[in-house]
Amino acid sequence: MIKIGIKQRLVIVKEVDFGVYLGELGKEEKVLLPKKQVPENSKIGDTLTVFIYRDSEDRLIATTREPKMQLGEIALLAVKEVNQVGAFCDWGLEKDLFVPYKEQLFTPKIGKSYLVALYVDKSNRLCGTMRVYDFLQDSAPYKKDDMVHGTVYEVHREIGVFVAIDNKYHGVIPAKEVFGNFVPGDLVEARVTEVREDGKLNLSVRKKAYLQMDEDCEKILKVMEKYKGVLPFTDKSVDAEQVKKEFQISKNAFKRAIGRLLKENKVKITDHTIERI
């Protein structure tokens with residue numbers, strides 16, 4: 001059976017002026033491989049590996065070009081066009097992949113790349129969806145403290161930043177670990193902080209505390225320059241939200257870094273301020 005959305009090995013069963021027809025031996029069903037896609041010196045009886053999709057006239061067509069993903073897979077695709085009905089993404093074939101409006105989690109921007117999964121709609125046409133959560137796997141081969149790479153596909157203020165690790169596995173940066181602004185399409189490097197019972201991974205973009213402290217100290221000193229060397233609060237009086245806004249770190253990390261700077265005689269603390277020495 002010729003299946004849409006996947007690569008298959010099919011036999012050349014007929015030659016015509018505009019290409020060759022491919023099928024399975026003993027079966028009547030066949031699909032056209034256009035002439036410009038036919039490998040040189042191919043002949044009836046040869047077996048070719050092709051991808052099956054629909055052309056601009058909604059007819060089944062074969063191609064020897066390599067799509068960026070197959071049915072049920074996820075890939076990072078660049079947006080080429082956006083209109084009222086959806087978006088069109090480059091997935092390596094002549095016909096761009098259509099992402100219906102209802103399958104978008106946000107309004108994509110032309111030229112940016114986002115994670116998209118490939119599915120078949122009710123009309124048996126290949127479409128893309130940005131709702132990739134259900135396409136991700138929960139069996140990542142990583143353990144606590146491993147460094148991983150992934151792509152942001154969704155951001156929830158209350159829950160956190162959802163990341164597709166290796167564009168394949170479930171990962172999330174919990175809200176309490178989110179420092180800085182993340183948007184869908186961002187590529188991130190993160191540390192595994194927990195392998196959950198359901199197989200999904202909790203992540204942090206920060207290193208272990210003792211490794212992160214040097215960077216945190218540099219951040220604090222740089223921000224102090226903006227305040228002309230005097231922060232108008234202490235490590236005890238400042239609230240966590242202000243620390244997060246000013247330094248993009250947690251209050252605990254801020255207190256650890258201030259402790260380090262005190263020991264190194266780079267700052268001093270008064271009743272109401274932290275001052276650069």
Side-chain angles (χ1 to χ4, degrees), residues 106 133 136 138 140-166 169-277:
F106 48 85
Y133 183 89
L136 294 171
D138 54 10
Y142 298 110
K143 61 183 184 301
K144 189 175 185 296
D145 290 330
D146 281 350
M147 297 301 295
V148 297
H149 295 83
T151 307
V152 174
Y153 64 91
E154 194 170 355
V155 178
H156 281 281
R157 184 180 180 86
E158 298 80 11
I159 303 173
V161 176
F162 288 88
V163 178
I165 300 166
D166 300 337
Y169 304 107
H170 282 287
V172 64
I173 304 171
K176 66 179 182 180
E177 291 287 339
V178 176
F179 301 101
N181 296 318
F182 293 89
V183 296
D186 282 351
L187 304 179
V188 299
E189 180 181 36
R191 177 172 58 88
V192 177
T193 58
E194 180 186 10
V195 179
R196 292 160 35 181
E197 290 185 2
D198 60 7
K200 298 179 175 65
L201 305 182
N202 283 348
L203 309 171
S204 174
V205 292
R206 291 172 58 78
K207 301 172 185 175
K208 280 191 166 185
Y210 72 93
L211 296 172
Q212 185 68 46
M213 200 178 300
D214 287 344
E215 293 182 18
D216 292 345
C217 287
E218 289 301 317
K219 285 182 182 179
I220 292 170
L221 293 175
K222 189 171 183 179
V223 171
M224 290 185 78
E225 293 177 6
K226 184 177 68 173
Y227 285 94
K228 297 182 179 180
V230 180
L231 295 178
F233 46 74
T234 69
D235 56 335
K236 294 181 180 179
S237 65
V238 68
D239 63 51
E241 282 303 313
Q242 187 174 3
V243 170
K244 187 173 182 179
K245 180 180 179 181
E246 292 280 3
F247 306 99
Q248 299 299 312
I249 60 178
S250 69
K251 184 171 181 179
N252 284 338
F254 177 74
K255 293 175 73 173
R256 285 194 295 267
I258 290 297
R260 164 77 70 81
L261 293 172
L262 280 169
K263 289 181 179 179
E264 295 176 350
N265 292 318
K266 293 182 178 179
V267 301
K268 67 178 181 180
I269 299 178
T270 69
D271 290 341
H272 304 290
T273 63
I274 300 174
E275 301 178 7
R276 184 76 186 265
I277 296 176

Straight-line distance of Leu201 CG to Asp198 CG, nearest 0.5 Å:
9.0 Å
Ring-plane angle category for Tyr153 and Phe162, please: parallel below 30°, perpendicular beyond 60°, tilted otherwise.
tilted
For the backbone of Val238 and the side chain of Lys251, can you confirm whether one donor and one acceptor N or O come within less than 3.5 Å of each other?
yes
For side chain to side chain contact (heavy atoms under 4.5 Å, CB included), just list the numbers for Asn202 and Arg196, CA-CA rounded to whole Å, side-chain angles, deciding distance to a tenth of an Å, and then say yes or no.
CA-CA 7 Å; Asn202 283 348; Arg196 292 160 35 181; 3.3 Å; yes
Hey, could you give me each pair passing salt bridge (Lys or Arg N to Asp or Glu O under 4.0 Å) that has a residue in residues 233-245? Not counting sequence neighbours.
none
Using side chain to side chain contact (heavy atoms under 4.5 Å, CB included), reason through Ile165 and Leu203 one step at a time and then give a plain yes or no.
CA-CA 10 Å; Ile165 300 166; Leu203 309 171; 4.0 Å; yes
Quick one: pull up CD in Glu225 and NZ in Lys222 and give me the separation to the nearest 0.5 Å.
8.0 Å
For Ala257 against Cys217, the heavy-atom pair lying closest together
O-SG, 3.6 Å
Quick check: closest heavy atoms across Thr273 and Thr234, and the distance to 0.1 Å?
N-CG2, 3.6 Å
I'd like to know whether NZ of Lys226 has more than 12 heavy-atom contacts from other residues, nucleotides or ligands below 6.0 angstrom.
yes
Determine whether Val195 and Tyr142 make a side-chain contact, defined as any pair of heavy atoms from C-beta on separated by less than 4.5 Å.
no
Just do the side chain to side chain contact (heavy atoms under 4.5 Å, CB included) check on Tyr133 and Glu154 with the steps written out, would you?
CA-CA 9 Å; Tyr133 183 89; Glu154 194 170 355; 5.5 Å; no
Got a second to check how far Ile274's CD1 is from Leu262's CG, nearest 0.5 Å?
7.5 Å
Keeping to residues at least two apart or across chains, list the salt bridge (Lys or Arg N to Asp or Glu O under 4.0 Å) pairs with something in residues 267-277.
Lys268-Glu275
Between Ile220 and Phe254, is there a side-chain heavy-atom distance shorter than 4.5 Å?
yes
Tightest non-hydrogen contact, residues Asp216 and Ala253, listed as OD2-CB, 3.7 Å
Is a donor on one side and an acceptor on the other found under 3.5 Å between the side chain of Ser204 and the backbone of Arg191?
no
Write down the atom of Val155, the atom of Phe182, and the distance for their closest heavy-atom approach.
CG2-O, 3.6 Å
Side chains of Arg260 and Asp214 in contact at under 4.5 Å (non-hydrogen atoms):
yes
Closest non-hydrogen contact found for Ile258 with Val267 is O-CG2, 4.3 Å
Give the intermediate values and the outcome of side chain to side chain contact (heavy atoms under 4.5 Å, CB included) for residues Val148 and Tyr169.
CA-CA 11 Å; Val148 297; Tyr169 304 107; over 6 Å; no
Determine whether Val163 and Thr151 make a side-chain contact, defined as any pair of heavy atoms from C-beta on separated by less than 4.5 Å.
no
Could you check if a side-chain atom of Val243 sits within less than 4.5 angstrom of a side-chain atom of Ile249, using non-hydrogen atoms only?
yes
